[in-house]
Protein chains: 2
Amino acid sequence: MYEKKIPKDLSCGLNIAIEVIGGKWKANLLANISKGIIRPSELHKSIPQASARVLNQQLSELELHGIVEKKIYNVLPPKSEYSLTKNAESVLEVLRAMKSWGEGYKEIFHELTQNSRIEGHDGIANQESCS
Amino acid sequence: MYEKKIPKDLSCGLNIAIEVIGGKWKANLLANISKGIIRPSELHKSIPQASARVLNQQLSELELHGIVEKKIYNVLPPKSEYSLTKNAESVLEVLRAMKSWGEGYKEIFHELTQNSRIEGHDGIANQESCS
DNA sequence: AGTCTTATGGATAAAATTATCCGCTACTGA
DNA sequence: TCAGTAGCGGATAATTTTATCCATAAGACT
């Protein structure tokens with residue numbers, strides 16, 4: 001028997017940022033869209049590690065959060081396209097800052113963590129899908 | 001029956017950044033430590049929403065990732081103190097960038113999401129524990 | 001002897017996130 | 001008629017992350 005329930009403080013700017021860009025594939029999706037890869041099927045080809053379903057979910061959240069927009073063409077077979085909103089610009093800057101830091105920290109990070117994991121990650125693979 | 005297993009691309013700087021600072025209480029802990037709140041019990045008082053256990057776990061990860069250091073005094077009752085490493089400086093800058101963006105985006109965010117949630121968050125509470 | 005203090009971590013459960021499978025739509029072309 | 005295409009999303013399972021409960025240690029204080 002437990003007593004408490006779930007909080008989640010979204011009055012804090014930092015938590016909002018994490019909420020918006022923290023999803024597993026979101027940064028990747030944004031990078032691709034900014035590159036011009038804008039249709040769901042193309043995005044899926046570009047990020048084959050994730051299923052189309054999952055990418056869809058993450059795109060929906062990005063849309064809900066005002067980072068991307070979706071245009072649905074009422075044709076068959078279906079066609080839809082994503083584009084970045086004007087809010088996305090500032091997000092991409094933040095992402096760049098994060099990425100830049102992470103790149104610089106990569107070596108230290110792996111040195112520190114290699115002993116605690118059992119050699120289980122992808123190594124240097126997927127550089128292209130890296131956002 | 002499923003076929004695939006779990007990936008997780010840590011060759012990407014961005015994923016590393018998220019891995020390091022993405023934990024629910026990490027930014028908060030770092031903010032507190034940089035403020036001079038450095039003992040586990042103090043940190044817990046400062047962040048009562050989380051249990052001491054959880055804070056401990058997150059601190060361990062921060063330590064493993066090279067962001068904080070821990071000094072254990074061999075006395076009784078037990079005493080230990082955390083401090084930021086030199087790596088933490090650049091992390092805090094990234095966090096500031098994220099927070100700054102999130103602060104500016106807060107209104108839009110809440111406007112966009114209020115209709116999809118059932119009034120479930122803490123509102124403007126916990127401003128002090130906000131990192 | 002009983003209680004309080006402070007930090008730690010095992011066992012376990014709840015909650016949140018991500019993944020898989022599958023079916024549906026409606027047209028195109030073989 | 002059957003397969004292929006492109007996008008969507010329900011149901012459900014696996015995985016990961018957070019949370020809760022509890023026990024231990026060992027001295028100080030009442």
Side-chain angles (χ1 to χ4, degrees), chain A residues 1-10 15 18-29 37-65 68 70-82 116-117 120-121, chain B residues 1-10 15 18-29 37-65 68 70-82 116-117 120-121:
Chain A
M1 292 294 194
Y2 291 75
E3 285 113 60
K4 289 194 184 176
K5 291 288 175 183
I6 32 171
K8 197 166 202 178
D9 182 8
L10 289 178
N15 289 337
I18 291 179
E19 184 82 2
V20 170
I21 63 185
K24 186 164 181 181
W25 306 103
K26 285 180 185 176
N28 211 316
L29 286 167
I37 301 178
I38 56 178
R39 294 189 59 185
S41 55
E42 292 174 335
L43 287 165
H44 186 207
K45 274 173 208 153
S46 182
I47 313 176
Q49 309 95 42
S51 69
R53 179 81 174 92
V54 169
L55 295 179
N56 225 38
Q57 288 175 332
Q58 305 251 321
L59 285 165
S60 299
E61 288 182 23
L62 287 171
E63 193 189 4
L64 171 66
H65 291 158
V68 303
K70 180 180 190 175
K71 178 167 188 180
I72 301 179
Y73 296 86
N74 197 17
V75 296
L76 275 166
K79 173 176 179 181
S80 56
E81 291 179 344
Y82 288 91
S116 61
R117 303 249 177 183
H121 62 79
Chain B
M1 293 296 191
Y2 291 76
E3 286 113 60
K4 286 195 186 175
K5 291 288 173 183
I6 32 171
K8 196 168 201 179
D9 183 7
L10 289 179
N15 290 337
I18 291 178
E19 184 82 1
V20 170
I21 63 186
K24 187 165 182 179
W25 306 105
K26 286 181 185 177
N28 210 316
L29 286 167
I37 301 176
I38 57 178
R39 293 189 61 186
S41 56
E42 293 174 334
L43 287 165
H44 186 207
K45 274 173 207 151
S46 181
I47 314 176
Q49 309 94 43
S51 69
R53 179 81 173 92
V54 170
L55 295 179
N56 225 36
Q57 289 175 331
Q58 305 251 321
L59 285 166
S60 299
E61 288 182 21
L62 287 171
E63 193 189 5
L64 171 65
H65 291 158
V68 303
K70 181 180 189 174
K71 177 165 187 179
I72 301 179
Y73 296 86
N74 197 18
V75 296
L76 274 166
K79 173 176 177 179
S80 57
E81 292 179 341
Y82 288 92
S116 61
R117 303 252 176 180
H121 62 77

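The basis for the numbers below is simple: all heavy atoms, side chains too, and nothing from hydrogens, waters or symmetry mates. Letters A, B, ... are given to chains in the order of the sequence lines, protein chains preceding strands, and every chain is numbered from 1.
Straight-line distance from the CG atom of Leu10(A) to the C1' atom of dA16(C): 14 Å, rounded to whole Å. Whole-Å rounding puts the Gln49(A) CD to dT15(D) C1' distance at 17 Å. Nucleotide dT18(C) holds its C1' atom 13 Å from the CG atom of Leu29(A), rounded to whole Å. One atom, CG of Asn15(B), and another, C1' of dT16(D), lie 15 Å apart when rounded to the nearest Å. Rounded to a whole Å, the NE2 atom of His44(A) is 11 Å from the P atom of dA19(C). What separates CD1 of Ile18(A) from C1' of dA16(C) is a distance of 15 Å, to the nearest Å. Rounded to a whole Å, the OH atom of Tyr82(A) is 9 Å from the C1' atom of dG7(D).
Note on Ser80(B): every side-chain N or O is 4.0 Å or more away from OP1 and OP2 of dT6(C). Contact check, Arg39(A) against dG7(D): a side-chain N or O comes under 4.0 Å of OP1 or OP2. Between dA19(C) and Lys24(A), a contact under 4.0 Å exists linking OP1 or OP2 to a side-chain N or O. For Trp25(B), a side-chain nitrogen or oxygen approaches OP1 or OP2 of dA19(D) to under 4.0 Å.
The OG atom of Ser80(A) lies 11.5 Å from the NZ atom of Lys71(A); values are rounded to the nearest 0.5 Å. Taken from CD1 in Ile21(B) to CG in Leu29(B), the straight-line distance is 13.5 Å, to the nearest 0.5 Å. Distance check: Asp9(A) CG to Glu19(A) CD gives 11.5 Å after rounding to the nearest 0.5 Å. Expressed to the nearest 0.5 Å, how far CH2 of Trp25(B) lies from CG of Leu62(B) amounts to 14.0 Å.
For Glu63(B), there are no side-chain hydrogen bond (donor to acceptor under 3.5 Å, both in side chains) partners at least two apart in sequence or on another chain. For Glu81(B), the side-chain hydrogen bond (donor to acceptor under 3.5 Å, both in side chains) criterion is met by Tyr73(B), not counting sequence neighbours. When the side chain to side chain contact (heavy atoms under 4.5 Å, CB included) test is applied to Ser51(B), the partners found at least two apart in sequence or on another chain are Arg53(B), Val54(B). Partners of Glu61(B) under the salt bridge (Lys or Arg N to Asp or Glu O under 4.0 Å) rule, at least two apart in sequence or in another chain, are Lys26(B).
Near-neighbour residues of DNA chain D inside residues 71-79 of chain A, defined by a heavy atom below 4.0 Å, number-ordered: Pro77(A), Pro78(A), Lys79(A). For DNA chain D, the residues of residues 51-62 of chain A within the heavy-atom distance limit of 4.0 Å (strictly under) are Arg53(A), Asn56(A), sorted by number.
Lys45(A) comes within contact range of no nucleotide atom at all, as no heavy-atom separation falls under 4.0 Å.
Using a 4.5 Å cut-off on side-chain heavy atoms (C-beta onward), Lys70(A) and Leu59(A) make no contact.
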